[in-house]
There are 2 protein chains.
Amino acid sequence: MTLRQPEPYGRPDKRRAITQAARRVFGRDGYTRASMDAISAEAGVSKRTVYNHFTDKEQLFLTVALEGAEEVTAAIAQIMDRHLHKIVDLEQDLIDFSLDRVAAVTSFPDHFALVRAIEAEAAHIPPPILKAWIAAGPQTGHLRLAPYLRRIADRGLLEIDDADSAAAHLTLLTITDVNQQTFYGAVPLPQEEIARLVTRGVRAFLRSYAPTTP
Amino acid sequence: MTLRQPEPYGRPDKRRAITQAARRVFGRDGYTRASMDAISAEAGVSKRTVYNHFTDKEQLFLTVALEGAEEVTAAIAQIMDRHLHKIVDLEQDLIDFSLDRVAAVTSFPDHFALVRAIEAEAAHIPPPILKAWIAAGPQTGHLRLAPYLRRIADRGLLEIDDADSAAAHLTLLTITDVNQQTFYGAVPLPQEEIARLVTRGVRAFLRSYAPTTP
DNA sequence: TAAGTACTACACTGATTAGTGTACCTTGAA
DNA sequence: TTCAAGGTACACTAATCAGTGTAGTACTTA
């Protein structure tokens, strides 16, 4: 099994229609429940065309997962830049950043439904593929956040020993908390409750990483 | 669909064999992949007997999930009592507590594999049932931890405003961090790495909730 | 016009699976 | 001994689904 179909094949619009549909259906139904018939129907494409573009159900799933991860990573990178480039009020900026980051989950519902599916399938996914997925998605999140925190710390607004840990902790205290409670958006949570969780998470983070002003 | 089979039916040893086997098979294969034939075979029981005890695949799954959650909750309660009743060295005690709590995940591999399955199915599980699951499992974890932290704070070893938040944060910074990286134990992580994650999580928690000693 | 590429419609295979029906066996209590 | 509850073995239905094969169509390029 290869990670990606290397040579381009077929009409790009068809390929796109297939991956879009696959994302929706995989997300809605999960890997096993999702049927190739449903995907081809949703894509408005013959089932044969699906199999001409992708050798396998498995390969289609992984392609969609990795491409989606890249899209989301790009979106999150933008959010980081928007909120963490110029810091005005650190607490408020971190809260706004985290709220936007949480909102990204709901604005890519298909992808994050798919993330749930991957986590469920973790034990059935070959380790190298799983590694590729982690590298493309979750990990890059931390890796990109860390330098921002480092820079903020260099300006004396935070006291950070290990920027990677700090990035992980900020993520855990905000996004992960919300994601756990909403099952990645599957269970709705009122916006004010989300804001409450994020705010208390950011405050805890700041208490932990604020510079000791003597 | 009812939450539990109310009236007892059949020989308890058979019922037990079925739920044990179901836990293993659901955990190993996930809900959809797991077949009732496989479960009955694993239980050493006729398939008909399975259907005499449980009306449905779905009902069997939910029964197993809820019963497992209760077992794990009981085990975690013991761990809390062991480590958080008498505090000697707060940091060390919290680290030991968290490591034991992480170890509980690996010592109930079938159940936590099943937890992954539930999280994947979250969108397909009727909300009241999902609520029952959350109440039986994850939530009780926080609810039970909070009073311990409250008591420690009352002794002046922590400065806690909202004990529930503090419990959530401690959990996030330790167990959740490890669980995310290991996919609930599906991907192995060396013990020393686990210890590193937990230690840095506890330290961050303490920096955040340590009393300000003027 | 000829050839090649991509897509479609559709039938089909082979395998798996949830759930049922039934006839028969085992065991313990009355 | 009799009876009834619970278990077993096994055959069976109806449905679903991954993946293939094929004959034909549309569009592009030489």
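Lettering of chains follows the sequences in order, A, B, ..., and the numbering in each one begins at 1.
As a whole-Å value, the separation of B:Tyr31 OH from C:dT17 P is 14 Å. In this structure, the CD1 atom of A:Ile18 is 11 Å from the C1' atom of C:dA6, given to the nearest Å. Distance, A:Phe26 CZ to D:dA18 C1': 12 Å, rounded to whole Å. As a whole-Å value, the separation of B:Asp29 CG from C:dT16 P is 14 Å. At whole-Å resolution of the value, CG in A:Leu60 and P in D:dG19 are 10 Å apart. Note: CZ (B:Arg33) to C1' (C:dT16) measures 13 Å, nearest angstrom. Between the C1' atom of C:dT17 and the CD atom of B:Glu58 lies a distance of 16 Å, rounded to the nearest Å. At whole-Å resolution of the value, NZ in A:Lys57 and P in D:dC17 are 8 Å apart.
Summarising the local packing, CG of B:Asp161 is surrounded by 12 or fewer heavy atoms from other residues, nucleotides or ligands at distances under 6.0 Å.
Looking at residues 35-43 of chain B, you'll see B:Ser35, B:Met36 sit with a heavy atom under 4.0 Å from some atom of DNA chain C.
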- Query: Along nucleotides 3-15 of chain D, 5' to 3', which nucleotides get a B, which get an S, and which get a -, given that the test is a protein heavy-atom distance under 4.0 Å?
  - Reply: ---SSBB------
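By the 4.0 Å N-to-carboxylate-O rule, B:Glu71 lies close enough to B:Arg23 to be salt-bridged with it. Under the 4.0 Å criterion applied to side-chain N and carboxylate O atoms, B:Arg200 and B:Asp177 are assigned as salt-bridge partners.
Ring orientation note: the planes of B:His53 and B:Tyr9 are nearly perpendicular, at an angle over 60° on the 30°/60° scale.
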- Determine, step by step, whether B:Arg116 and B:Glu119 satisfy the salt bridge (Lys or Arg N to Asp or Glu O under 4.0 Å) criterion, reporting the C-alpha distance in whole Å, the side-chain angles of both residues, the deciding distance to 0.1 Å, and the verdict. CA-CA 5 Å; B:Arg116 277 212 319 278; B:Glu119 299 195 341; over 6 Å; no
- Task: Go through the steps for B:Glu42 and B:Arg28 under the test salt bridge (Lys or Arg N to Asp or Glu O under 4.0 Å), then give the verdict.
- Result: CA-CA 12 Å; B:Glu42 177 99 7; B:Arg28 190 211 311 136; 3.4 Å; yes
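Here the closest heavy-atom approach between residue B:Ala117 and residue B:Gly30 is recorded as CB-CA, 4.5 Å.
Residue B:Ala17 is classed as having no contact, given no heavy-atom separation below 4.0 Å to the nucleic acid.
Taking the ring centre of A:Phe26 as origin, the terminal cationic atom of A:Lys57 falls outside the region bounded by 6.0 Å and 45° from the ring axis.
Residues B:Leu145 and B:Arg101 have side chains in contact (heavy-atom distance under 4.5 Å, counting atoms from C-beta outward).
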